[in-house]
Number of protein chains: 2
Amino acid sequence: MQGQNISDIIEKYLKQILADSEEVEIRRSEIADQFDVVPSQINYVIKTRFTIQNGYVVESKRGGGGYIRIEKVKLLDDIDVLDSLIQVIGDSVSERDAISIIGSLYEDDVLNKREAGLLASTIAKSTLDFGERRLEDQVRAKILVGVLNHLRYED
Amino acid sequence: MQGQNISDIIEKYLKQILADSEEVEIRRSEIADQFDVVPSQINYVIKTRFTIQNGYVVESKRGGGGYIRIEKVKLLDDIDVLDSLIQVIGDSVSERDAISIIGSLYEDDVLNKREAGLLASTIAKSTLDFGERRLEDQVRAKILVGVLNHLRYED
DNA sequence: AAATCTTTGACTAATACTGACTATTATTAT
DNA sequence: ATAATAATAGTCAGTATTAGTCAAAGATTT
């Protein structure tokens, strides 16, 4: 039974709340005060323990009335497929390959026809017309990876 | 759970009225008095929450009998609205504005929740993380315009 | 000893709020 | 008519209030 450092304790505290409710909303400085740590440690706890891989989505707002909200989401079953697709894409992908990836997601019923069409429009050559092929392919990779990461969970 | 700051509360108040009627017309000083804020904060609320990206058009008049009128519009139904939206996007758009636009399309029933979520993932800051803000905003603009054009000619 | 994880704080970024000053329109006085 | 005054809204820059980043220092594990 290790895990007595303050980050683990804060993690436990937040997860206890999340055991009862779908989400938890905090004011960063309040939690920091409560556990007597600097505010940025809250960011550390979130970054290391409330990742999307663990099934958490985090939103925040700065300024007056600011907050950090952690939401527990249901992870999908076929995460391995997404992971391997992300690996295949790497940091650069052609329009042709991207279209075929979207097509296979459609074949696998991960996306329906309209969703596939929408996503195709985001990665189309005509949409991403920087006059620079290398950049275009890199941008397309980022978009696809972003989508695949989103598909890890349901809303 | 959120909505702690007074701007959010004023926003909510105005949108509540707009839920029933096509438009709302206010006297700036009255609303400012009602919520105990300085008049210019009403401008702040409008400028940050009732933009064309959010699906609102605002008109006003100064002098005696002056007013501020907020009208809800549908982004895709009206060519002029769509044109001014694309003009506002230009070749660069922030994540916040892009999210607003996608949210407006959802409210207009152009997109369902899942589609909006997918598109949001394509333009998210976390997705388009070149370490260069200018490029990030430019890419986002291209993606959004690509999607808007796709939606315009979808059927 | 090296590698990894945790803690800290200085600096940055985003959002909200305020008030002095400006601009516009309507009304009243001359 | 024209000018002065009143009654509105707009702008902008400064301050306040939050959260985020990052690298260095410290602690723990391997």
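Letters A, B, ... mirror the listed sequences (proteins, then strands); counts begin at 1. Both backbone and side-chain heavy atoms feed into the values below; hydrogens, waters and symmetry mates do not.
- Contacts classified as side-chain hydrogen bond (donor to acceptor under 3.5 Å, both in side chains) and involving residues 70-95 of chain B (residues at least two apart or in different chains) are not found.
- With salt bridges taken as basic N to acidic carboxylate O contacts below 4.0 Å, one links A/Arg133 and A/Asp137.
- Rounded to whole angstrom, the span from the CD atom of A/Gln41 across to the P atom of D/dG26 amounts to 16 Å.
- Taken from CD1 in B/Ile123 to OG1 in A/Thr122, the straight-line distance is 11.0 Å, to the nearest 0.5 Å.
- Nucleotides of DNA chain C that come within less than 4.0 Å of any heavy atom of chain B span, from the 5' end to the 3' end, C/dA14 to C/dA26.
- Within 4.0 Å of A/Arg49, counting heavy atoms only, lie sugar-phosphate atoms of the nucleic acid but no base atom.
- In the hydrophobic clustering of this structure, A/Val145 groups with A/Leu135; members are Ile, Leu, Val, Met, Phe, Trp, Tyr whose side-chain heavy atoms approach within less than 4.5 Å, directly or through other members.
- Each of B/Ile6 and B/Lys125 has a nearest nucleotide on DNA chain C; the 5'-most of these lies closest to B/Lys125.
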Heavy-atom protein contacts under 4.0 Å, nucleotides 5-20 of chain D, coded B base, S sugar-phosphate only, - none: --BBBBB-----BBBB

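- Listed by chain and number, the residues in a ring-ring contact (aromatic ring centres under 6.0 Å, His included) with B/Tyr67 amount to none (sequence neighbours excluded).
- At the heavy-atom level, B/Ile42 lies nowhere under 4.0 Å from the strands shown.
- For B/Phe35, the side chain to side chain contact (heavy atoms under 4.5 Å, CB included) test picks out B/Ile6, B/Ile9, B/Ile10, B/Tyr13, B/Ile31, with sequence neighbours left out.
- Every residue two or more places apart in sequence or in another chain was checked for a side-chain hydrogen bond (donor to acceptor under 3.5 Å, both in side chains) with A/Asp33, and none qualifies.
- Here the CD1 atom belonging to B/Ile68 is positioned 11.0 Å from the CZ atom belonging to B/Arg27, to the nearest 0.5 angstrom.
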